[in-house]
Amino acid sequence: MTAIPLYVLGQSADPDSERGVECPGDLPPASDPDLIQRAQEAKDTLGEKVFILGHHYQRDDVIAFADVTGDSFKLAQQAAAHPDADYIVFCGVHFMAESADILTSDRQQVILPDLAAGCSMADMAAINQVEEAWAVLADAGISDVTIPVTYMNSTAAIKGFTGRNGGTVCTSSNAKAALEWAFNQGEKVLFLPDQHLGRNTAVLDLGLSLQDCVVFDPHLPSGGLTSEQLKAARMILWKGHCSVHGRFTAASVEQVRTRVRDVNVLVHPECVHEVVTKADFVGSTEYIIKTIEAAPPGSSWAIGTELNLVKRLADAHPELTIVFLDKAVCFCATMNRIDLPHLVWTLENLVAGHTNNQISVDLEVARWARVALDRMLSLPGSGAGSNSD
Ligand code: 13P
Ligand code: SF4
């Protein structure tokens, strides 16, 4: 059975995360017919000195040069597991490269080929806002019994805050284990910055109710919540979301069920609660890939995640019918900032002895962020630790 057409229309705009950083020196033009050969030659010349990590949402022509592909959890593990590489080239977004810098040794350099590859969700929780929120929780008398849990998709400063205050990092692969751990340490969780992953995990995996959850809006006085609401809550969810996964709606699920007979709906837990509850399967990008790999030939799937990954799965599995969950355009614009010209520019500069776009986290921030990341890597089922010098 052939895959039915995807709704590939172009890139979504995500200007919040545009860092507007110029690349020093000349970027090769995208029209250069030798880009693939140039990338391969530079990679071959660097040999084992370079290790290239590629997130599943990267473009195909970039993924082709990745030594390993994965979701944000697997890539953090892989960065920690390669102490011999001098250069870790991170084809993903800024918060992922920061985590790789924290988990690798001081000798290693972590490089993000385009500094404009940020994440609008990570930008929704600034450290000063989170410190102010913690003061609100202290005034309500609950900060001592609240454990902060931050999604990997947050800045190093937020991970540092979490480490300092007895909390952990999680990813969409281990959010359930992280929340179980946190509720063993305290009575409540402050979950940052993705309200949807927090709510979906608390309600669907831990059996909490929607009434146990409140949303803290950093743009409102006291988060828009009373002391009584904060005291009654089990999950205090930060008002953040993913601009890609947040676009899927309950109507997208209903419509695809009328368009495609016997379709299985498979979505990422960054989607809103109504989408996740209407879907048949929910999980991280690694889970989505494994589910498709195990799907019976001839079955039909509507996938609610980033479009580069959905396209790649559709191409790799002609025995299945794979459609994008919504007609709306859904590339992650900042993930797409990493393209072949930036990769070639990065690798050729390394060959010439120049490191561009090194991601280097402040040492004090990194110390506490690493505490939180190491707690995550020690969660049941994680099976990896970070490198020490
Ligand atoms: P995972 O890689 O944890 O599935 O998260 C998806 C995502 O949005 C990455 O930015
Ligand atoms: Fe951020 Fe969403 Fe893009 Fe992931 S997919 S990098 S969470 S905007």
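These numbers come from a predicted model, not from an experiment. Note that the numbering runs from 1 along the sequence shown for the chain. Numbering of ligands and ligand atoms starts at 1, following listing order.
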For ligand 1, which atoms sit closer than 4.0 Å to a heavy atom of [X]?
X	result
Glu270	5 (O), 6 (C), 7 (C), 8 (O)
Met96	9 (C), 10 (O)
Met335	10 (O)
Asp71	1 (P), 2 (O), 4 (O)
His55	2 (O), 9 (C)
Asn153	7 (C), 8 (O), 9 (C), 10 (O)
Thr285	1 (P), 2 (O), 4 (O)

- Flag His268 as yes when one of its N or O atoms lies below 3.5 Å from any N or O atom of ligand 1, and as no otherwise. yes

- Does an N or O anywhere in Ser72 fall below 3.5 Å from an N or O of ligand 1? yes

For [X], atoms of ligand 2 separated by under 4.0 Å from a heavy atom:
X	answer
Asn153	7 (S)
Ser120	8 (S)
Tyr57	5 (S)

- Nearest to atom 3 (O) of ligand 1 by heavy atom, Ala175, Pro269, Ser172: which? Ser172

- Decide if atom CG of Leu210 counts as having more than 12 heavy atoms of other residues, nucleotides or ligands within a radius under 6.0 Å. yes

- Task: Check whether more than 12 heavy atoms from other residues, nucleotides or ligands sit under 6.0 Å from atom CG of Leu220, and answer yes or no.
- Result: yes

- Item | Exercise: identify the closest heavy-atom pair between Asp34 and Asp32 | N-OD1, 2.7 Å

- Identify the closest protein heavy atom to atom 5 (O) of ligand 1: which residue and atom is it, and at what distance? Tyr151 OH, 3.3 Å

- Task: Compute the ring centroids of Phe324 and Phe248, then answer whether they are less than 6.0 Å apart.
- Result: yes

- ligand 1-proximal atoms of Tyr57, by part, heavy-atom distance under 4.0 Å: side chain

N-O pairing of [X] and [Y] below 4.0 Å:
X	Y	result
Glu131	Arg164	yes
Glu274	Lys278	no
Lys176	Asp205	no

- Task: Answer yes or no as to whether an N/O/S atom of Cys119 is found below 2.8 Å from atom 3 (Fe) of ligand 2.
- Result: no

- Query: Do you know which of Asn308, Val244, Leu307 makes side-chain contact (heavy atoms from CB on, under 4.5 Å) with Cys332?
  - Reply: Val244

- Message: To the nearest 0.5 Å, what is the distance between CD on Gln108 and CG on Asp84?
- Response: 8.0 Å

- Message: If only side-chain N and O atoms count, and only distance matters, is there a donor-acceptor pair under 3.5 Å linking Asp71 with Ser173?
- Response: yes

- Who passes salt bridge (Lys or Arg N to Asp or Glu O under 4.0 Å) against Asp144, sequence neighbours left out? none

- Item | Per-residue contact class, Glu306 against ligand 2 - non-hydrogen pairs under 4.0 Å | neither

